[in-house]
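Below: the structure, in structure tokens.
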Amino acid sequence: MTGTMRKETLNTLCKLSDPRQLDAEVVGSFLVNNGLFPSEGFIAEFLRESVVTHTFEDIVTIEDVISVFEQAVPIDERTKNGAIYTPSYIRDFIINQLSAEDPNKFNNGLIIDPACGCGAFLYTAAQIIRNSDYSFQSIISRLYGVDISANSVKRTKLLLALTALTNDEYIKESDLHIYCANSLSFDFCQFDTVKKNGGYDYVIGNPPYVRSKNIELESKALLPNWEVAIGGNADLYLPFFEIGMKILNEHGRLGYITLNSFFKSVNARGLRKYMVRHQIGLDIIDFGDELIFGKKLAYTCITFISKQERNTIKYHRASSVEIKNNEYFEYDIIPYNGLDSHKGWNLNQSDVLQIIERIELTGTPLGDKYLIKNGIATLANDIFIFHPYKEDDSYYYMMLDGLEYCIEKGICKDIIKPNILHSEDEIHDLMEKVIFPYDSNNKPIPEALFISKYPKAYQYLSLHRRRLDDRDKGEGNFPVWYAFGRTQAISDKGKKLLFPYMTDVPHFVFTDNEDMLIYCGYAIFHQDEKKLKALKRILESSVFDYYMKHTSKPYATGYYSYAKNYVKNFGVINLSSTQVEELLNLSSKDEINEYVEHLYGVDLKRNKCNPAVECHYFPTSIFELA
């Protein structure tokens, strides 16, 4: 909101189902409130073809128009196209940074937003150039935009034409270089002016926030055409970095606000390797876990790119207040050769990186020393997994969709969900049962034997066969129809520590129930109970918490990913039997934290390593693996 427009106005306009009617009401209101009555140009043509039924007196500024245009994008279009409203202070910062480097070049350069949405970035660029007394006709001739949404393209044109009109200039639709196309296949350099210029001088914008699973089939089919998206489930914003690099001229500059997940996510490995291979001049302003986009749970960063090769990344962890106030800050310089593109980039201040390196070089990596496994995947948990409300000698009794079923005990196993588990005390209440249609060799029970030995369970699953057949969109290649959706983890046995996919505070729960299965979470297996309990204390300590919060992928409200890829490189110190006993005998959280920090040679309150303590590093092969 800009401060001039009421929330009621925005809500009323967002409820309009016809995008063209919404555009007419917004444009008409803006013109009336500013005393503008165009007789020619694109706006006049648009009004002749539109009917304005109501004017809103609080749509006064161009920012009001942008706010409505971008926030009125339908939910389904936001999901598939990734449209999201960019705050004006973010746009101002990016464009001002780019223009300040060489104002004359920026004012006369070719500028493109390859995912322009409703045109907010192009408007901001035009306004900054206009401050140098250029005509809008000349400015607009150097602005280019592409978007997959026809509604957004129309709104970009309206926005730029309205901006020109407020400066007493009339713009025809044919004057505008705004195109409706899929940027993954669009020929950005097809225009003679661009060809003569060797590409664009500036690429700006906010690439689409679309997760891999929500990408439409047309775009998904185009992703392999881009080097950064090969071999993984790339989110849609990732190839826009490569697009920008390819369409910039030799001395061009790029300024984006995007998700910051490309630092560490598995599906951004291709982009990280691309940037290292090309030694891309990369400046990053990282907002960490601050939600710049309000309720939109997206962690973001501003990225500036130069085609001039550089062997370092300039990095700064910022707050929105710094950006709004245009505060001066210094970047940390991080060499590319110190980053692991496969594992993920740790972009932090030097003291943090020193501590992370100390932790990882201590002992043996967790993933090498212990077996870390995911849970089972039935692809129909509500059918296979249940919490019995009563039992007798032969059966467990369950309720599903208001109906009671009895299931033979002999075909059931204990199972638990680590994602909701916080302590050993909760195991009894949270433990469930899973129908386990496998024999002692973990092969599916033959159907005839299933029917004769467990008729109640077979009848129950038969009643839900359609649901089971529809798993994997009906294309699942299951050995039998009642098998789990995946074979993973069905043979896992042993004492273990259970932990969730994500958490705000580390929870590792020990169980000696060797036959108990898990789902929706992870387990660390080892047969030595004392070692597991000592490991639990290390993993619930301040050292592990610090490590995860500086190396893992952040989620909402202070939660971090605990996926195997993020925990496996944590160095597990090699404890003597005396140290194991000492650690297990400590009674308070503070005592444990102090003891573990001393073992690792770190002082987390002061954020530094203790040079007097050596890393306990040895080759992995010395140690017995789980």
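Note that the coordinates shown come from a computational prediction; the quantities given were computed from them, not determined experimentally.
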### Query
Taking His387 for the side chain and Asp429 for the main chain, is one N or O donor matched with an acceptor at less than 3.5 Å?
yes

### Task
Please examine the side chains of Asn206 and Thr258, heavy atoms only from C-beta on, and report whether any two atoms are closer than 4.5 Å.
no

### Query
How far apart are the closest heavy atoms of Val434 and Leu517, and which atoms are they?
CG1-CD1, 4.1 Å

### Query
So, Ser587 and Glu591: side-chain donor and acceptor under 3.5 Å apart, yes or no?
yes

### Task
State, to 0.1 Å, how close Leu583 and Leu575 come at their nearest heavy-atom pair, and which atoms those are.
CD2-CD1, 4.0 Å

### Query
Is it the case that more than 12 heavy atoms not belonging to Lys373 sit under 6.0 Å from its NZ atom?
yes

### Query
Taking the six-membered ring of Phe510, is NZ or CZ of Lys536 closer than 6.0 Å to its centre and within 45° of its axis?
no

### Query
Which pair of non-hydrogen atoms, one from Val352 and one from His550, has the smallest distance, and what is that distance?
CG1-CD2, 3.4 Å

### Ile573 and Thr364: CA distance, side-chain angles, deciding distance, side-chain contact (heavy atoms from CB on, under 4.5 Å) verdict
CA-CA 7 Å; Ile573 195 163; Thr364 310; over 6 Å; no

### Message
Between Asp286 (side chain only) and Cys301 (backbone N and O only), is there a donor and an acceptor less than 3.5 Å apart?
### Response
no

### Task
Take Ile524 and Leu371 through the side-chain contact (heavy atoms from CB on, under 4.5 Å) test and state the conclusion after the steps.
CA-CA 6 Å; Ile524 299 172; Leu371 189 64; over 6 Å; no

### Message
Measuring centre to centre across the rings, with the benzene-like ring taken for any Trp, is Phe262 within less than 6.0 Å of Phe241?
### Response
yes

### Query
Does a donor on one side chain sit under 3.5 Å from an acceptor on the other, for Glu582 and Tyr595?
yes

### Task
Might you confirm whether atom NZ of Lys605 has over 12 heavy atoms from other residues, nucleotides or ligands at distances under 6.0 Å?
no

### Summary
In terms of heavy-atom contacts, Ser542 and Leu604 come closest through O-CD1, 3.4 Å

### Query
So, the side chain of Glu408 versus the backbone of Lys456: is there a donor-acceptor pair under 3.5 Å, distance only?
yes

### Task
Among Tyr562, Tyr546, Tyr547, find the one that has a ring-ring contact (aromatic ring centres under 6.0 Å, His included) with Phe570.
Tyr547

### Message
Looking at Leu403, I want to see if its CG is surrounded by more than 12 non-hydrogen atoms of other residues, nucleotides or ligands under 6.0 Å.
### Response
yes

### Other residues, nucleotides, ligands: >12 heavy atoms within 6.0 Å of Glu594 CD
no

### Query
Do Leu497 and Tyr370 touch side chain to side chain, with heavy atoms closer than 4.5 Å?
no

### Query
Who passes salt bridge (charged side-chain N to carboxylate O under 4.0 Å, His left out) against Lys549, sequence neighbours left out?
Asp545

#### Entry: Working for side-chain contact (heavy atoms from CB on, under 4.5 Å), residues Ile376 and Gln488
CA-CA 6 Å; Ile376 65 166; Gln488 67 187 49; 5.5 Å; no

### Query
Side chains of Asn267 and Ser265: donor-acceptor distance under 3.5 Å anywhere?
yes

#### Entry: Atom NZ of Lys589 with >12 non-hydrogen neighbours under 6.0 angstrom
yes

### Query
Charged N to carboxylate O under 4.0 angstrom, Arg467 versus Asp382?
yes

### Query
Would Arg358 count as a cation-pi partner of Tyr600, with NZ or CZ less than 6.0 Å from the six-membered ring centre and within 45° of the ring normal?
no

### Query
Restricting to pairs with a member in residues 407-430, which pass ring-ring contact (aromatic ring centres under 6.0 Å, His included), not counting sequence neighbours?
His422-His507

### Task
Step through it carefully: locate the ring centre of Tyr566, locate the ring centre of Tyr560, and say whether they are under 6.0 Å apart.
no

### Query
Any chance NZ of Lys343 has more than 12 other-residue heavy atoms, nucleotides or ligands included, within less than 6.0 Å?
yes

### Message
Donor-acceptor pair, distance only, cut-off 3.5 Å: does the side chain of Glu540 make one with the backbone of Phe508?
### Response
yes

### Task
Look at the side chain of Glu529 and the backbone N and O of Lys495, then say whether any donor-acceptor pair between them is shorter than 3.5 Å.
no

### Task
Please confirm whether Lys496 makes a cation-pi placement over Phe525, using NZ or CZ under 6.0 Å from the six-membered ring centre and within 45° of the ring normal.
no

#### Entry: Trace of the side-chain contact (heavy atoms from CB on, under 4.5 Å) decision for Tyr522 with Tyr501
CA-CA 7 Å; Tyr522 293 99; Tyr501 289 145; 3.2 Å; yes

### Query
Can we call the ring centroids of Tyr237 and Tyr256 under 6.0 Å apart?
no

### Task
Look only at the side chain of Tyr460 and the backbone of Ile383, and say whether a donor-acceptor pair between them is shorter than 3.5 Å.
yes

### Message
Can a donor-acceptor pair be found, under 3.5 Å and without considering hydrogens, that links the side chain of Glu242 to the backbone of Pro239?
### Response
no

#### Entry: side chain to side chain donor-acceptor pair (under 3.5 Å) against Asp472, all qualifying residues, sequence neighbours excluded
Arg486

### Task
Please determine if Lys409 forms a cation-pi arrangement with Tyr396, meaning its NZ or CZ atom is less than 6.0 Å from the six-membered ring centre and no more than 45° off the ring axis.
yes

#### Entry: Donor-acceptor pair, side chain of Gln579 and main chain of Ser576, under 3.5 angstrom
yes

### Message
Exactly one of Arg471, Arg466, Arg465 should register a salt bridge (charged side-chain N to carboxylate O under 4.0 Å, His left out) with Asp469. Which one does?
### Response
Arg465

#### Entry: Over all atoms of both residues, closest heavy-atom pair of Met431 and Asn513
SD-ND2, 4.1 Å

### Message
Please verify the inter-ring angle class for Tyr395 with Tyr397; under 30° counts as parallel, over 60° as perpendicular, anything in between as tilted.
### Response
perpendicular

### Query
Which pair of non-hydrogen atoms, one from Ser341 and one from Trp345, has the smallest distance, and what is that distance?
OG-NE1, 3.4 Å

### Within 45° cone and under 6.0 Å: Lys413 NZ/CZ vs Phe436 ring
yes

### Query
With a 3.5 Å cut-off and no angle check, do the side chains of Glu432 and Tyr519 form a donor-acceptor pair?
yes

